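Right, one structure below, let's go through it.
Protein chains get the first letters and strands the later ones, always in sequence-line order, with residue 1 at the start of each. Everything quoted here is computed from the prediction, not taken from an experiment.
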Number of protein chains: 2
Amino acid sequence: MEVITLTGVTDSATAKGEQTRELILSTALRLFREQGYGKTTMRAIANEAGVSVGNAYYYYGSKDHLMQAYYDLLQDQHREAVEPILATEKAFVPRLAGVLRTWLDVSAPYHEFAGTLFKTAADPRSPLSPFSEESRPARDASVEIFRRVIDGSDLKLAADLKAELPELLWLLQMGVVLFWVHDQSEDVRRSRALIDRAVPLVDRLLRLTRIPGVRGVTNDIVGLINSIKP
Amino acid sequence: MEVITLTGVTDSATAKGEQTRELILSTALRLFREQGYGKTTMRAIANEAGVSVGNAYYYYGSKDHLMQAYYDLLQDQHREAVEPILATEKAFVPRLAGVLRTWLDVSAPYHEFAGTLFKTAADPRSPLSPFSEESRPARDASVEIFRRVIDGSDLKLAADLKAELPELLWLLQMGVVLFWVHDQSEDVRRSRALIDRAVPLVDRLLRLTRIPGVRGVTNDIVGLINSIKP
DNA sequence: CCGCTCTTTTGAACATGTTCAAGTCAGATG
DNA sequence: CATCTGACTTGAACATGTTCAAAAGAGCGG
């Protein structure tokens, strides 16, 4: 993988192969954006990039792998776009709502193409599956965002719940994504409405956990969630 | 589609075409079971059924349509298999647990092949999507099972929650399915464990809704669920 | 029985993701 | 420089879902 020459220069980023790899990826992403995933053929990608089909497969094991690269890009953009919110907003509700809304904003250009992405991601054997080992880094990064949402906020919670909450909020995001993928309303208005209603509700639910009679159930829920983690 | 002869006999079920249609379907289902969905080619199905490839496409628009027929079959089997439980069991927890466990039992032979099914179902454009219009009959039938789980049980609930609960339980089942699809443990032990823990928890949560402070949040949740229905 | 129309059936052709044996090239080694 | 090695590249071949124009069959009116 990495190129180490005896002239002393380690330069995996600009080595011939890496250039080709990036050329193929960027071409693929452009075509995906322009014509959608389904209509973009591997031949078209190779053609447009000026390489052979086989060469594309040398760097990316399948068309899905190119999509995964696309997905990773989205994740990165979300992570960046979320920074201002985490830096300025201090109350839990707007922090969480902001993070979720930002996801919609970042993903908006890809809504048409999200169906295909989602379809692939749903296959448990796909590396894109949000539960797969390959996507662990992306998932961890996403969970980390929610950890920061909580830690930087005014939320007061029992320690064990607080530890588990980032992953629960990640699940909430998965739910929003599921809804968004199916959302055909203009400007995905309904997805935004869902966030607007769901976030305050989550907030209220979390405050409820302080009621003694509720605490026990909460612990059981946390325990259940823990038990289903792989 | 339907054959109406002037001799007065309406016989769509045994008309030539229907026979072919069923031959193709049963052959496809057998091959799916024997070798999995992915490894079963349309050519193999046509071959085995003794017809041409084009003929299979004359009756089923795509390979996915054959899978949908498969899925409908599963649903039917579940509906039947659940009857004894609904007839004998009266307590809410064993009723619900029984229905969910029965789903696992019925689906067990198809676990390997469930990934593909799930993948297709996840595509919002697919008729197999659990949220699609085409699958509404199957979904309604499934929700109906959960309505009977509640109605025939000893559960005491506020009317509005009770009205919404069948759909919530259907969502719970979707969650179990999601987990099951990814479950690689032997005999899907972990999925069974999930049911064993989740069902009593659901029961406790429902009883909690009687606490005054919880009632309000419950109503909000019901409202939210209602608002996201299409 | 003949032709007409509609359904059914055929199989070759097509599109596209994927594989692979063989070729090319760049740098290292002697 | 000649050779070697491993990374890189090629394009034809393959597998399989899907389409389609044409053929075959079936019932019907004459």
Donor on one side chain, acceptor on other, Asp183(A) and Ser185(A), under 3.5 Å
yes
Side chains of Asp64(B) and Tyr37(B) only: does a donor on one sit below 3.5 Å from an acceptor on the other?
yes
Using a 4.0 Å heavy-atom cut-off across all strands, classify Tyr59(B) as base, sugar-phosphate, or nothing.
sugar-phosphate
Can you tell me how far [atom2] of [N] sits from [atom1] of [X], to the nearest Å?
X        : N       : atom1 : atom2 : value
Ile45(A) : dT16(C) : CD1   : P     : 12 Å
Asp64(B) : dT16(D) : CG    : P     : 16 Å
Lys63(B) : dT16(C) : NZ    : C1'   : 15 Å
Gln19(B) : dT7(C)  : CD    : C1'   : 15 Å
Asn47(A) : dT10(D) : CG    : P     : 11 Å
Tyr60(A) : dT19(C) : OH    : P     : 17 Å
Ile24(A) : dT9(D)  : CD1   : P     : 7 Å

Do side-chain atoms of [X] reach the backbone of [Y] as a donor and acceptor pair under 3.5 angstrom?
X         : Y         : value
Ser26(A)  : Leu23(A)  : yes
Arg101(B) : Arg192(B) : no
His182(B) : Leu178(B) : yes

Can you identify which nucleotide, out of dT18(D), dC8(D), dT18(C), has its nearest atom closest to the Arg43(B) side chain?
dT18(D)
Under 30°, 30 to 60°, or over 60°: which ring-plane class applies to His111(A) and Trp180(A), parallel, tilted or perpendicular?
tilted
Numerically ordered, the residues 34-41 of chain A set in heavy-atom contact under 4.0 Å with DNA chain C is Thr40(A), Thr41(A)
Taking DNA chain D as the partner, which of residues 49-57 of chain A come within under 4.0 angstrom of it by heavy atom?
Val51(A), Ser52(A), Gly54(A), Asn55(A)
Verify the contact: side-chain N or O of Tyr58(B) to OP1 or OP2 of dT8(C), cut-off strictly under 4.0 Å; return yes or no.
yes
Would you say Ser62(A) places a side-chain N or O within less than 4.0 Å of OP1 or OP2 belonging to dG17(C)?
no
Does Arg21(A) count as lying over the ring of Tyr60(A), i.e. NZ or CZ under 6.0 Å from the six-ring centre, within 45 degrees of the axis?
yes
Exercise answer: donor-acceptor pairs, residues 43-54 of chain A side-chain atoms, under 3.5 Å, sequence neighbours excluded:
residue  : atom : partner  : partner atom : Å
Glu48(A) : OE2  : Arg30(A) : NH2          : 3.3
Ser52(A) : OG   : Asn55(A) : N            : 3.2

May I ask you to check whether Tyr70(A) and Tyr110(A) place their ring centers less than 6.0 Å from one another?
yes
